[in-house]
Amino acid sequence: MVMKAIQEHGDEDADSILETLLLYNALESSPPELHSSLEQSSPQEQPSPQEQQQIDSDLFSLDYDGSFLDGFSDLDSSNDEGIITSMAIERCGIDSSLVDLTDFISAAQISKAEDAQLPLEEKRTHIRSDYPEKNKRKLCEYSMLKRKRMVGHGNRIIGEDDEAIHLPNPMIGFGTPADLCQIHRSLPEAATGPPYFYYENVALTPKGVWSTISRFLYDVHPEFVDSKYFCAAARKRGYVHNLPIKNRFPLVPLPPKTIFDAFPLTRRWWPTWDERRKLNCLQTSIATAKNTERIMKALKDYDEDEMPPERVRRYVLHECRRWNLVWVGKNKVAPLEPNEVEMLLGFPRDHTRGISRKDRYKSLGNSFQIDTVAYHLSVLKEQFHNGINVLSLFSGIGGAEIALHRLGIPMKNVVSVEISEVSRNVVRCWWEQTNQKGNLYHLADVRELNADRLEHYISSFGGFDLVVGGSPCNNLAGSNRLHRDGLEGKESSLFYDYFRILDLVKGIMARYN
DNA sequence: AATATAATGACGCTGTGC
DNA sequence: GCACAGCGTCATTATATT
């Protein structure tokens with residue numbers, strides 16, 4: 001089918017080939033194919049000096065070398081697609097499913113397709129005649145046009161958000177510690193640092209959102225990762241970043257990977273007909289007492305080892321999945337406690353202690369999964385072992401800061417912007433409790449962070465090494481029944497401030513160097 | 001007793017995959 | 001056609017604080 005698609009479209013039109021393959025795939029039901037994980041062992045020396053947690057190199061003596069794909073960045077002939085396709089088959093095996101092949105080809109394509117073609121502003125701008133005042137997106141695009149010189153017209157018309165971005169399955173990004181499907185990527189020139197940037201948001205957005213985000217963030221393709229490959233709970237997120245992806249390493253100790261590992265006591269009460277081994281996404285609100293009460297009622301007539309009728313099982317399982325419930329007694333389920341959520345997300349125990357229960361769930365539900373993010377940020381350790389300057393936007397309860405800390409990367413200066421006073425207090429407390437040597441500067445609103453302030457920070461400590469943050473997902477997230485109105489929504493449009501600030505930092509840093 | 005803060009419970013719909 | 005997942009919002013009620 002791959003070959004057929006190539007014959008149909010010729011070697012050069014990679015997009016059409018992918019389209020065709022995806023179409024074939026939609027028409028056929030291809031058998032599920034497991035990813036082959038590499039089992040080679042070559043001890044990797046891990047720089048872990050003054051770290052309290054020693055890294056057990058035997059635990060992760062996997063080969064991170066992505067050499068099988070080393071040629072990718074150097075391919076430049078128009079015949080690449082054929083080569084890539086055959087490499088894909090070679091790599092994934094002749095029997096592998098089309099999904100695997102297309103994922104592979106897609107990942108390889110992205111790095112190539114991105115930097116070519118249109119000038120940046122051309123791609124990011126589709127409304128250029130009117131003078132926008134109303135929405136942030138237009139304002140941003142307008143300011144970009146003003147700032148950058150206009151280049152000639154492109155020859156390809158790019159429609160409004162119609163370049164659908166395909167979510168990979170399995171959602172492992174450029175590989176997890178256990179599944180090293182690593183690909184060498186070449187970033188578009190406009191995307192390269194300094195500074196490094198790392199942007200995060202929910203993977204399952206309304207259509208077109210991720211292509212817009214990607215277009216603004218210098219055409220870097222998002223890395224989609226589900227944190228279920230790092231911990232016991234799912235968390236499907238997209239990450240747009242310009243970090244290297246070679247030689248990543250995970251945090252130690254490794255977090256529990258299954259529900260039973262995380263909560264051993266639940267095993268005693270877990271019915272055989274509940275086959276869940278991972279939790280669903282940890283959200284900002286939990287089940288009510290009424291919910292769990294109804295479940296208890298539905299089960300009250302059945303013994304522990306007795307299988308309830310299918311109707312009852314279906315109801316109970318549906319509610320358990322919907323509300324992320326765990327078994328805590330005979331026929332009794334309960335939502336997770338705040339400190340249990342902290343543990344699953346990789347935060348120190350009682351990190352959010354002292355604020356209201358509701359606020360704990362909310363701030364945790366809005367946070368990073370630390371192990372996942374730290375895995376991506378781990379490549380900074382070698383480069384910044386003497387310390388790093390961080391601009392942390394939408395900091396929340398400090399997921400990025402904690403990831404860096406747990407990686408053993410000293411923070412020299414952290415400018416942290418967070419609207420919630422409660423969350424700022426959490427980070428401030430943590431900063432003091434962990435005896436951080438560096439300086440923490442707190443701001444409340446990203447919208448007030450202008451060029452003057454940035455200039456001041458950059459001149460005072462010599463630039464930011466990393467701009468990190470995840471902008472609000474309120475208007476993107478599936479759970480929002482009322483205002484899921486996309487990237488232009490009230491809160492989610494703050495993404496454009498992330499871009500605005502990042503772009504300012506890039507500009508100022510370029511002047512200083 | 002008035003006011004501030006916290007907890008409760010009900011509320012669809014989109015996108016994807018089989 | 002159906003199963004499933006999903007960093008959420010709001011009005012109302014309960015509890016805490018002044």
Side-chain angles (χ1 to χ4, degrees), chain A residues 22 25-33 97-99 102-103 164-171 199-210 224-228 233-239 275-276 278-294 310 313-315 317-324 335-336 338 341-342 344-347 352 354-370 372-373 394-397 399 420-423 469-486 489-492 494-495:
Chain A
L22 292 169
N25 192 45
L27 297 175
E28 306 222 345
S29 57
S30 55
E33 177 80 12
S97 73
L98 272 174
V99 172
T102 47
D103 277 350
I165 290 188
H166 175 234
L167 294 178
N169 186 15
M171 200 182 276
Y199 174 82
E200 177 259 11
N201 216 322
V202 291
L204 281 61
T205 64
K207 279 182 175 162
V209 167
W210 273 110
F224 291 104
V225 183
D226 189 337
S227 292
K228 75 179 181 184
R235 207 168 186 78
K236 296 177 185 65
R237 295 293 181 269
Y239 305 88
E275 294 178 346
R276 289 178 302 150
K278 300 269 185 187
L279 291 159
N280 281 339
C281 184
L282 306 168
Q283 306 198 102
T284 55
S285 49
I286 60 163
T288 62
K290 283 263 185 256
N291 272 314
T292 53
E293 198 180 306
R294 280 194 284 262
E310 175 174 357
R313 294 202 312 264
R314 281 171 71 94
Y315 162 71
L317 282 177
H318 188 264
E319 289 293 288
C320 285
R321 291 194 162 108
R322 165 73 184 84
W323 293 108
N324 251 342
L336 297 172
V341 179
E342 285 168 351
L344 288 167
L345 290 176
F347 285 88
T352 58
I355 65 181
S356 83
R357 196 178 163 82
K358 190 79 185 163
D359 281 343
R360 293 183 75 177
Y361 284 119
K362 186 173 174 187
S363 56
L364 285 163
N366 281 318
S367 226
F368 287 163
Q369 205 289 323
I370 304 279
T372 312
V373 170
F394 314 101
S395 300
I397 50 175
S420 156
E421 188 185 355
V422 168
S423 294
S471 62
C473 68
N474 306 32
N475 313 114
L476 313 177
S479 318
N480 193 338
R481 303 175 174 199
L482 300 175
H483 315 287
R484 196 186 186 188
D485 28 22
K490 187 160 165 264
E491 288 86 13
S492 293
L494 287 165
F495 159 74

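Quantities reported herein were computed from a predicted structural model and do not represent experimental measurements. Numbers restart at 1 for each chain; the letters A, B, ... are given by sequence-line order, proteins then strands.
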Nearest of [options] to any side-chain atom of [X]?
{"X": "A:Asn280", "options": "C:dC7, B:dG9, C:dA5", "result": "C:dA5"}
{"X": "A:Lys358", "options": "C:dG6, B:dT8, B:dG15", "result": "B:dT8"}
{"X": "A:Leu482", "options": "C:dT9, C:dG6, B:dA7", "result": "C:dT9"}

task = Please state the P separation for the pair C:dG6 and B:dA10 - nearest whole angstrom.
result =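 It works out to 23 Å between them.
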
Rounded distance in Å between the P positions of C:dC7 and B:dG17 =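 Result for the P pair: 16 Å, nearest Å.
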
Distance test, side-chain N/O of [X] to OP1/OP2 of [N], below 4.0 Å:
{"X": "A:Thr288", "N": "B:dA7", "value": "no"}
{"X": "A:Asn480", "N": "B:dC13", "value": "no"}
{"X": "A:Arg294", "N": "B:dA10", "value": "yes"}
{"X": "A:Arg481", "N": "C:dG6", "value": "no"}
{"X": "A:His483", "N": "C:dC10", "value": "yes"}

query = Which string of ( ) [ ] | and . matches DNA chain C, if you list each base 5' to 3' and count Watson-Crick or G-U pairs only when both distances are under 3.5 Å?
reply = ||||||.|||||||||||

For [X] and [Y], does a side-chain donor sit closer than 3.5 Å to a side-chain acceptor?
{"X": "A:Asn475", "Y": "A:Asp485", "value": "yes"}
{"X": "A:Arg360", "Y": "A:Thr352", "value": "yes"}
{"X": "A:Ser363", "Y": "A:Asn366", "value": "no"}

Would you check if the side chain of [X] reaches a backbone N or O of [Y] as a donor-acceptor pair within less than 3.5 Å?
{"X": "A:Gln369", "Y": "A:Leu344", "answer": "yes"}
{"X": "A:Ser227", "Y": "A:Ala234", "answer": "no"}
{"X": "A:Asn324", "Y": "A:Cys281", "answer": "yes"}

Considering every strand and a 4.0 Å limit on heavy-atom distances, what is the contact class for [X]: base, sugar-phosphate, or nothing?
{"X": "A:Arg237", "value": "base"}
{"X": "A:Cys281", "value": "sugar-phosphate"}
{"X": "A:Ser227", "value": "nothing"}
{"X": "A:Arg357", "value": "sugar-phosphate"}
{"X": "A:Ser285", "value": "base"}
{"X": "A:Lys236", "value": "sugar-phosphate"}

remark   = Note: for A:Ala289 and A:Ile355 on DNA chain B, the residue whose nearest nucleotide lies more 5' is A:Ile355

key: Most 5' of A:Asn291 and A:Pro206 on DNA chain B, judged by nearest nucleotide   = A:Asn291

Between [atom2] on [N] and [atom1] on [X], what's the gap in Å once rounded to a whole number?
{"X": "A:Glu491", "N": "C:dT9", "atom1": "CD", "atom2": "P", "answer": "6 Å"}
{"X": "A:Arg484", "N": "B:dG15", "atom1": "CZ", "atom2": "P", "answer": "7 Å"}
{"X": "A:Glu310", "N": "C:dC2", "atom1": "CD", "atom2": "C1'", "answer": "14 Å"}
{"X": "A:Lys290", "N": "B:dA7", "atom1": "NZ", "atom2": "P", "answer": "18 Å"}
{"X": "A:Phe224", "N": "B:dG15", "atom1": "CZ", "atom2": "C1'", "answer": "13 Å"}
{"X": "A:Leu476", "N": "C:dT9", "atom1": "CG", "atom2": "C1'", "answer": "15 Å"}
{"X": "A:Met171", "N": "B:dT16", "atom1": "CE", "atom2": "P", "answer": "10 Å"}
{"X": "A:His166", "N": "B:dG15", "atom1": "NE2", "atom2": "P", "answer": "15 Å"}

Sugar-phosphate or base contact per nucleotide [nucleotides 12-18 of chain C; S, B, -; heavy atom under 4.0 Å] = -------

request  = Answer with yes or no whether A:Arg322 presents, from its side chain, a donor or acceptor under 3.5 Å of a partner atom in the base of C:dC4.
outcome  =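 A donor-acceptor contact between them is absent.
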
query = For the atom pair NE2 (A:His483) and CG (A:Asn474), what is the distance rounded to the nearest 0.5 Å?
reply =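 So the NE2 of A:His483 and the CG of A:Asn474 are separated by 9.5 Å.
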
query = Considering only heavy atoms from C-beta outward, does the side chain of A:Leu204 approach that of A:Lys236 to under 4.5 Å?
reply = yes

key: Any side-chain heavy-atom pair of A:Ser285 and A:Lys358 under 4.5 Å   =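 Yes - at least one pair of side-chain heavy atoms lies under 4.5 Å apart.
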
task = Pick out which of A:Thr372, A:Val202, A:Asp226 makes a side chain to side chain contact (heavy atoms under 4.5 Å, CB included) with A:Arg237.
result =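 Result: among A:Thr372, A:Val202, A:Asp226, A:Val202 is the only option passing the side chain to side chain contact (heavy atoms under 4.5 Å, CB included) with A:Arg237.
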
key: Qualifying residue, where the test is ring-ring contact (aromatic ring centres under 6.0 Å, His included) with A:Tyr199 and the options are A:Phe394, A:Tyr239, A:Phe368, A:Phe495   =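 One option only clears the test, and that one is A:Phe495.
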
